[in-house]
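Residue numbers start from 1 in every chain, and the chains themselves are labelled A, B, ... in the order their sequence lines are given, proteins ahead of strands.
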2 protein chains.
Amino acid sequence: MEKPARALRHYPETSPEIDRLVMQLIGRIADKWTMMVIEILTEKEALRFGELSRACEGISQKMLTQTLRALERDGLVTRTVFPVIPPKVVYSLTDLGLGLSEAFCGVWIWALKNHENIHHAREAYDAALLK
Amino acid sequence: MEKPARALRHYPETSPEIDRLVMQLIGRIADKWTMMVIEILTEKEALRFGELSRACEGISQKMLTQTLRALERDGLVTRTVFPVIPPKVVYSLTDLGLGLSEAFCGVWIWALKNHENIHHAREAYDAALLK
DNA sequence: CAGAATCCCGTTGGATACTG
DNA sequence: CAGTATCCAACGGGATTCTG
């Protein structure tokens with residue numbers, strides 16, 4: 001009798017090669033600032049650079065620019081420039097980006113539900129080390 | 001008429017302070033090797049250090065050790081030592097770890113479904129730059 | 001076998017200053 | 001306002017060597 005499969009991601013169409021591509025993609029987007037920007041844009045729909053900068057508490061302007069460029073390149077975010085003075089640039093999620101946001105939502109919820117468990121686990125681990 | 005809320009993670013109990021904790025946790029686990037190890041342990045249930053090392057294609061022994069220690073500290077992975085010679089150590093997911101794996105499953109599926117879209121978006125973006 | 005320790009280099013990322 | 005450019009410190013992470 002076979003054990004039930006636990007590898008939920010393994011779709012029929014999967015191959016080692018595709019697995020590698022998917023891994024690379026995960027490695028690319030599984031990033032602190034990336035996920036934070038996506039989360040914020042999920043809530044606010046559209047924001048200017050400065051607004052994002054303030055919402056992203058702790059991010060440097062360099063990292064915000066870098067993060068936004070990468071998101072734009074991946075087709076997850078659109079960048080709209082208004083040719084006015086002073087310059088106005090607005091960012092928002094594409095459908096692709098919104099899809100990722102929804103997929104990642106499960107992880108947010110997990111983190112929300114379990115951050116205390118994790119905290120306790122760490123305390124226990126650290127305490128055991130000193131003993 | 002209000003627009004529908006898009007911020008799925010905002011549960012009633014959420015506060016700015018908790019948001020920060022959750023963000024930190026996401027920042028901690030949203031890591032290439034971390035997610036890869038969790039994925040592999042989800043498939044295989046229990047593995048020895050060497051097996052994990054081979055399954056994790058590309059990881060150095062230093063990073064594997066480091067990743068496993070962090071996972072263990074966070075209560076996501078258990079480390080079982082068999083007092084034999086030569087040493088035998090087995091790693092597997094805790095329930096907490098399995099929960100994260102399931103939560104992250106949505107992202108894997110998203111990546112599997114959309115990696116081609118992303119690829120096209122990048123090509124388009126890069127082509128537009130050269131113009 | 002399962003790591004700990006060391007060396008070392010490339011990248012990351014912050015601070016600051018400058019521009020259209 | 002929305003960036004770009006530059007400099008520099010810190011960290012990540014690979015290769016190698018050593019140990020119980």
- Message: Please verify the inter-ring angle class for A:F104 with B:F104; under 30° counts as parallel, over 60° as perpendicular, anything in between as tilted.
- Response: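 Taking B:F104 first and then A:F104, their aromatic rings stand perpendicular (interplane angle over 60°).
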- Query: With a 4.5 Å limit on heavy-atom distance, are the side chains of A:L25 and B:W110 in contact?
  - Reply: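 When only atoms from C-beta onward are counted, B:W110 and A:L25 do touch, with a gap below 4.5 Å.
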When the distance from [atom1] of [X] to [atom2] of [N] is rounded to whole Å, what number comes out?
{"X": "B:L64", "N": "D:dG12", "atom1": "CG", "atom2": "C1'", "answer": "16 Å"}
{"X": "A:K32", "N": "D:dC11", "atom1": "NZ", "atom2": "C1'", "answer": "13 Å"}
{"X": "A:F49", "N": "C:dT19", "atom1": "CZ", "atom2": "P", "answer": "19 Å"}

- Message: I'd like to check the side chain to side chain contact (heavy atoms under 4.5 Å, CB included) partners of B:E123; sequence neighbours left out, ordered by chain and number.
- Response: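 Listed in chain order: B:H119, B:H120.
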- Those residues that, when tested against A:K88, pass side chain to side chain contact (heavy atoms under 4.5 Å, CB included) (two or more places apart):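 Here the qualifying residues are A:R48, A:F82, A:V84, A:V90.
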- Item | Distance below 4.0 Å between A:R54 side-chain N/O and D:dA2 OP1 or OP2 |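 No.
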- Does OP1 or OP2 of C:dA2 have a side-chain N or O of B:R48 closer than 4.0 Å?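 The answer is yes; a side-chain N or O of B:R48 sits under 4.0 Å from OP1 or OP2.
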- Item | Full working for side-chain contact (heavy atoms from CB on, under 4.5 Å) between B:R69 and B:R79 | CA-CA 9 Å; B:R69 287 296 172 280; B:R79 176 174 182 271; 3.7 Å; yes
Sub-3.5 Å pairs of nitrogen or oxygen atoms, protein against nucleotides 9-16 of chain C:
residue	atom	partner	partner atom	Å
C:dG13	N7	A:K62	NZ	2.9
C:dG14	OP2	A:S60	OG	2.8
C:dG14	O6	A:K62	NZ	2.4

- With sequence neighbours left out, what residues match B:D126 under salt bridge (charged side-chain N to carboxylate O under 4.0 Å, His left out)?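 A:R73.
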- Task: For A:R28, enumerate each residue passing the salt bridge (charged side-chain N to carboxylate O under 4.0 Å, His left out) test, keeping only those at least two apart in sequence or located in another chain.
- Result: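 A:R28 satisfies salt bridge (charged side-chain N to carboxylate O under 4.0 Å, His left out) with A:D74 only.
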- Hey, is the main chain of B:F49 close enough, under 3.5 Å, to the side chain of B:S53 for a donor-acceptor pair?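 Pair absent, no side-chain N/O of B:S53 close to backbone of B:F49.
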- Task: Enumerate the residues from residues 70-90 of chain B whose closest heavy atom to DNA chain C is under 4.0 Å, giving them by residue number; use none for an empty result.
- Result: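 Within residues 70-90 of chain B, the residues near DNA chain C are B:R79, B:P86, B:P87, B:V89.
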